Each structure stands twice: as C-alpha cells, then as structure tokens.
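Reviewing the structure listed below.
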Amino acid sequence: MLDPAFVRDHLDRLEAALAHRGSDPAPVVAPLRELDARRRQLIQQVEGLKRDQNAASAEVARAKKDGRDASHMFDENKARGQQIKQLEAQLDEIETSRAALLMTIPNVPHASVPVGASAADNVEVRRHGEPRTFDFEPKPHWDLGPALGILDFERATRMSGSRFAVLLRDGARLARALIDFMLDLHTREHGYTEVEPPFLVNADALRGTGNLPKFEQDLFKIAGEWDLYLIPTAEVPLTNLHRGEILDGRQLPLRYTAYTPCFRSEAGSYGADVRGLIRQHQFDKVELVKFTTPDQSYAELEALTANAEEVLKRLELPYRTVLLCTGDMGFASAKTYDIEVWLPSQNTYREISSCSNTEAFQARRAGIRHRPHGTGKADFVHTLNGSGLAVGRTLIAVLENYQQKDGSVIVPEALRSYMRGIEVIHPPRT
RNA sequence: GGAGAGAUGGCCGAGUGGUCGAUGGCGGUGGUCUUGAAAACCACUGUGCCCGGAAGGGUACCGGGGGUUCGAAUCCCUCUCUCUCCGCCA
C-alpha cells in the first residue's frame with residue numbers, strides 16, 4: 001500500500017505512475033480525491049461533537065464531586081451521542097471504501113526505472129557467459145528428461161492433471177542437490193539466515209505482500225473451514241516473518257533464505273509454456289528476502305541480485321540481467337531486475353529469477369517497522385525479495401546446457417559434491 | 001475434541017466507572033559526578049488521524065468488534081489469538 005499522505009498530496013504523481021504501468025488512472029484518482037474530501041469533512045464534524053461531549057462529561061464529574069446535581073445535562077449529551085454514532089457510521093463507510101481502493105493501487109516505480117509498455121521495453125544491464133555452440137541439435141528438456149528416465153509428465157498428469165511433473169532417480173537428486181547448493185551458498189557466503197516457513201498462510205499474510213486482494217485467481221485456496229492458501233512463493237511467509245513488529249534498526253539489514261515448494265494456479269496462461277517444466281502449478285524455489293532501512297534498500301537490491309546471479313556463475317550457466325520497465329513490473333515492486341538464463345532449445349534467455357525492492361509498500365501493509373538507532377520514532381522498513389533461484393528452471397537449464405550428443409547430461413562441477421560425485425547422468429541401459 | 005487461564009505502552013507489570021495516555025520497573029536519550037567507564041542521582045522518553053504557515057489545539061488508541069452509561073482500560077456480549085492440563089496423533 002502506498003502512503004495515504006503521499007497519495008493525497010501527490011495525486012498527479014500517482015496518476016503518472018499508473019499511466020506508466022499501463023493502467024487507467026481515471027477510476028482511481030477521482031474517487032480518491034472525493035473520498036478524501038468527504039472523509040476530512042466528517043472527521044471534523046465528529047471530533048467537534050466529541051470535544052463537546054468530553055467537556056460536558058468533565059463538567060458532570062466536577063458537579064458530582066462538589067455535590068451538585070448535573071442530571072439536567074444528560075439529555076443534551078445523550079442526543080449528541082446519537083449524532084456522533086450516526087456520523088461515525090458514515091465515516092466508517094468512507095474509510096472502508098478508501099482503504100479498499102488504496103489496497104488495489106500498485107507501487108510507484110522508482111525514478112531509475114525505464115518507462116515502457118511491455119517486456120520489449122526492458123533494458124538489458126549485463127550479460128555473463130557465452131552460450132555454448134552445439135555440433136548437434138540441442139534437445140528441449142522435455143525430450144531429454146524422459147529419455148533419461150528422470151522426468152515424467154504423463155504419470156504426473158494421471159494423478160494431478162496438466163502442469164505437474166514427477167522427478168525420478170537422478171532428476172529428483174539433482175533437484176535436491178540444487179536446493180542444497182543454493183542454500184549453502186546463500187547461508188555460508190552471502191550472510192542469509194535459513195528458514196523453513198509454513199507452506200500454508202492466511203489471507204492477512206497475502207494482503208501483506210500484495211497478492212491479495214487483487215490476485216486471488218493466481219492462488220490455490222484450501223477447501224473447508226480454513227482461511228488458508230498454498231504459498232505462491234516463499235516471499236510471502238518470509239516477508240510476513242516480521243509482520244506487526246518493530247525491529248531494532250541496528251540489526252538491519254536482516255537477510256533470510258528459504259527453500260519451499262510454490263503453488264500457482266496459472267489462471268489465464270492457458271497457451272503459454274504448455275510443454276515442459278517451465279510453468280508448473282507446483283515448483284521448488286529458493287527465495288531471498290531482506291528487511292532494510294530506506295536509505296540502504298537500493299544498494300541491497302544490487303547485492304541481492306548479485307547473490308542470485310552468483311548461483312548461475314557457479315553453475316557456469318550463461319545468463320543476462322534485465323531491468324524491467326514500468327509496464328512489466330509486478331504489483332508491489334518499485335524496481336525489479338529479472339535474471340534470464342540461456343536455454344539452447346529455445347535459443348533465448350528465459351526468466352529464472354526476479355529481484356525486487358518493494359520499498360515500504362509491503363512493510364506498510366504488513367506493519368513492519370524499525371527504530372533507526374534502537375530508539376526514536378519507528379518508521380517502515382523496506383522489503384526486498386528475489387529468487388535465488390527457481391529450482392525447476394535451473395534444472396532445465398542444467399539439462400539443456402550440459403547435454404551431450406548421446407543424450408547424457410554432464411553434472412556441473414559445483415553440484416558434484418551434492419550428487420555423490422556423479423559426473424554424468426546417463427540414459428538407462430536397455 | 002474436553003477443561004481452565006490470559007491478552008495493558010519498545011519490554012515486564014499495576015489499575016478504584018469520572019482530568020487515566022494510563023502507577024511502578026526495565027530499556028532508551030540527555031545531564032550531574034568521574035582522568036575514562038561503571039555505579040548512583042536528576043530530567044526526558046508512545047502512536048495514528050484532523051485543524052493550523054508555525055506555535056499549538058483537538059480527537060482516538062489498554063487484543064478485534066458490538067453493547068450498557070451523561071461518562072468505560074474498568075461492567076455486559078461476541079470474535080480472534082496465546083498459554084496450561086486431558087484426549088488423539090506424524
């Protein structure tokens with residue numbers, strides 16, 4: 001959520017920001033202006049009446065103390081009470097509409113974010129590694145995996161439907177190796193604290209990160225008398241780790257990492273990436289989340305992005321990093337870098353991580369503050385998140401980039417100690 | 001699932017229906033003292049919203065919501081959460 005004071009005082013900036021994001025400001029800006037004016041008018045009325053009421057009550061107390069009779073004041077005060085109640089009901093309605101509207105407004109992009117309409121306007125900021133040249137036609141992972149007996153889509157479909165997969169043997173082990181490798185890297189070398197959070201969260205947690213109320217259709221909700229959802233990313237539980245807390249500013253930044261499965265309904269993406277592991281209802285991810293002071297958050301975003309890139313460097317996978325334009329950013333983000341890994345079968349770079357600074361947007365929704373020097377006035381923290389990395393997509397990248405002509409796949413050196421020393425994944429002997 | 005206890009300021013912990021934003025302690029900040037530090041002592045130390053250029057004024061907040069009352073942290077109802085014991089259970 002944006003700062004209500006900012007919204008009121010800078011409606012023009014909000015209007016521009018919404019337009020840059022490609023959404024129509026009209027249904028937002030005018031109602032906000034109107035609700036704010038009406039709200040302030042009601043507050044002044046109500047508080048004036050309350051002031052009178054308090055004065056009258058104090059007078060009664062004084063009279064009783066002096067042994068005088070004050071019952072003649074009761075009627076007037078009672079009438080005032082009725083009027084207050086009536087006005088407060090109106091005010092409550094206004095406040096509710098205003099809050100609901102504010103919850104649907106996306107974050108304002110940072111000044112360094114390029115204005116653009118779509119992914120075509122994103123800006124590549126750096127590239128690492130050379131895509132390998134093949135002396136044969138590189139196969140897509142959905143051919144490689146099943147041929148190696150480590151990936152099975154058909155059996156998954158029978159028990160769960162489309163957009164699910166089964167990993168078997170060295171495929172399952174490779175996924176586990178990737179998770180361990182990533183967690184070790186981030187905890188031992190990058191200073192993150194490992195967390196295993198709940199995989200089911202309540203609606204408040206999802207409102208905190210900005211997944212609700214606008215994006216319920218992307219989530220899996222648990223049936224029955226439970227107000228619980230499967231997490232779409234560990235960003236949700238990690239960010240909510242400090243929900244409602246006031247952190248000691250001297251402890252910031254706090255850095256957390258977690259491996260979790262992630263669950264997304266992928267509603268509305270019917271035609272996209274229907275084959276393979278790219279877009280699944282369930283996938284594994286190692287997530288990075290930081291809580292920082294406002295002055296550090298952009299430096300920490302660069303560091304977080306570098307931490308995610310390091311995974312690909314160690315795995316010797318070619319990638320590029322892209323700064324998303326205003327029209328391609330997520331709802332909560334003020335600035336986002338996507339990291340894209342090279343996929344030979346698609347002859348292109350595909351998103352494998354998304355690293356964002358949400359500034360105080362989530363902190364305000366989730367009530368996460370800090371005291372700058374352990375004392376003084378509490379202020380909202382800035383929260384950042386990024387994939388470090390998406391495990392399924394990393395597994396795809398390993399299979400495709402390390403494939404050999406005979407269909408076997410070389411295990412990247414960085415992973416071998418996590419794979420019991422296996423150097424090559426071979427097709428099953430026939 | 002059954003029984004009980006609780007929720008107060010950054011933290012701990014008092015609280016009589018009537019100047020209670022709320023005693024006290026801890027913590028924090030500033031000061032006195034000291035070569036320095038500690039100790040001791042003194043002072044200060046919540047937040048949101050509204051009006052105002054500011055100074056300042058007003059209002060609200062004692063888990064959430066509702067009620068009783070001229071007036072509620074205090075009485076009543078309700079919800080949520082936490083804890084303890086019993087049962088069940090990976």
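For clarity, every value in this text was computed on a predicted model and none was experimentally measured. Chain letters run A, B, ... following the sequence lines, proteins first and then strands; every chain starts at 1.
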Encode nucleotides 52-63 of chain B as B, S and - characters from 5' to 3', where the letter depends on protein heavy atoms closer than 4.0 Å: B to the base, S only to sugar-phosphate, - to neither. ------BSS---

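- No side-chain N or O of A/Tyr259 forms a donor-acceptor pair with one of A/Asp180 less than 3.5 Å apart.
- Ion pairing between A/Glu15 and A/Arg33 fails under the 4.0 Å rule for side-chain N and carboxylate O.
- Counting heavy atoms from C-beta on, the side chains of A/Pro253 and A/Thr293 never come closer than 4.5 Å.
- Here the separation of B/C79 from B/C70, taken at their C1' atoms, is 29 Å to the nearest Å.
- Taking the C1' atoms as reference points, B/C61 lies 16 Å from B/A7, given to the whole Å.
- B/G27 atom P lies 16 Å from atom CZ of A/Arg371, rounded to whole Å.
- Using a 4.5 Å heavy-atom cutoff, the side chains of A/Leu238 and A/Glu235 are not in contact.
- Side-chain atoms of A/His20 and A/Thr326 form no donor-acceptor pair, as typed in the model, at a separation below 3.5 Å.
- For the side chain to side chain contact (heavy atoms under 4.5 Å, CB included) with A/Asn357, the lone residue among A/Leu384, A/Thr305, A/Thr292 that qualifies is A/Leu384.
- Nucleotide B/U68 forms no Watson-Crick or G-U wobble pair with any nucleotide shown, as no partner meets the under 3.5 Å limit on both distances.
- Rounded to the nearest Å, the gap between the P atom of B/A40 and that of B/C83 is 36 Å.
- Atom-to-atom, CG of A/Asp92 to C1' of B/G64 comes out at 13 Å; the value is rounded to the nearest Å.
- If you measure from atom CD1 of A/Ile246 to atom P of B/G46, you get 13 Å, rounded to the nearest angstrom.
- Atom pair A/Asp9:CG and B/C49:P shows a separation of 11 Å (rounding to whole Å applied).
- Figure legend. B/G87 is base-paired to no nucleotide; pairs are counted as Watson-Crick or G-U wobble with both atom distances under 3.5 Å.
- If you check B/G48 for Watson-Crick or wobble pairing at under 3.5 angstrom, you find it paired to B/U59.
- Base-pair partner of B/U82: B/A5 (Watson-Crick or G-U wobble, both distances under 3.5 Å).
- When the P atom is used for both B/A38 and B/U32, the distance is 14 Å, rounded to whole Å.
- Taking the C1' atom of each, B/G21 and B/U59 are spaced 13 Å apart, rounded to whole Å.
- With a cut-off of 3.5 Å on both Watson-Crick or G-U wobble distances, the partner of B/A14 is given as none.
- Nucleotide B/A38 forms no Watson-Crick or G-U wobble pair with any nucleotide shown, as no partner meets the under 3.5 Å limit on both distances.
- Between the C1' atom of B/C50 and the CD1 atom of A/Ile94 lies a distance of 15 Å, rounded to the nearest Å.
- One interatomic measurement links the two molecules: CZ of A/Arg8 to P of B/C49, which rounds to 9 Å at whole-angstrom precision.
- Contact annotation for A/Arg39: backbone-only contact, meaning every heavy-atom pair under 4.0 Å involves sugar-phosphate atoms and none involves a base.
- For B/C50, the OP1/OP2 oxygens have no side-chain nitrogen or oxygen of A/Gln44 closer than 4.0 Å.
- Pairing of B/A43, defined by two Watson-Crick or G-U wobble distances under 3.5 Å, is identified with B/U29.
- Here A/His110 pairs with A/Ser112 under the side chain to side chain donor-acceptor pair (under 3.5 Å) rule; sequence neighbours left out.
- A donor-acceptor pair shorter than 3.5 Å can be found between the side chains of A/Asp328 and A/Asn122.
- One interatomic measurement links the two molecules: CD of A/Glu95 to P of B/G65, which rounds to 13 Å at whole-angstrom precision.
- A heavy-atom distance below 4.5 Å is found between the side chains of A/Gln403 and A/Glu400.
- Comparing the C1' positions of B/G10 and B/U34 gives an interatomic distance of 31 Å, to the nearest angstrom.
- The distance from atom CZ of A/Phe380 to atom P of B/G48 is 9 Å, rounded to the nearest whole Å.
- Side-chain atoms of A/Tyr256 and A/His186, non-hydrogen and from C-beta on, never get closer than 4.5 Å to each other.
- Between the C1' atoms of B/A73 and B/A14, the separation comes to 12 Å (whole Å).
- A distance of about 33 Å separates the C1' atoms of B/G46 and B/U84, rounded to the whole Å.
- The shortest distance between side-chain heavy atoms of A/Met103 and A/Arg365 falls below 4.5 Å.
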Would you mind building the protein contact string for nucleotides 67-82 of chain B? One character per nucleotide, 5' to 3', B for base within reach (heavy atoms under 4.0 Å), S for sugar-phosphate only, - for untouched. SS-BS-----------

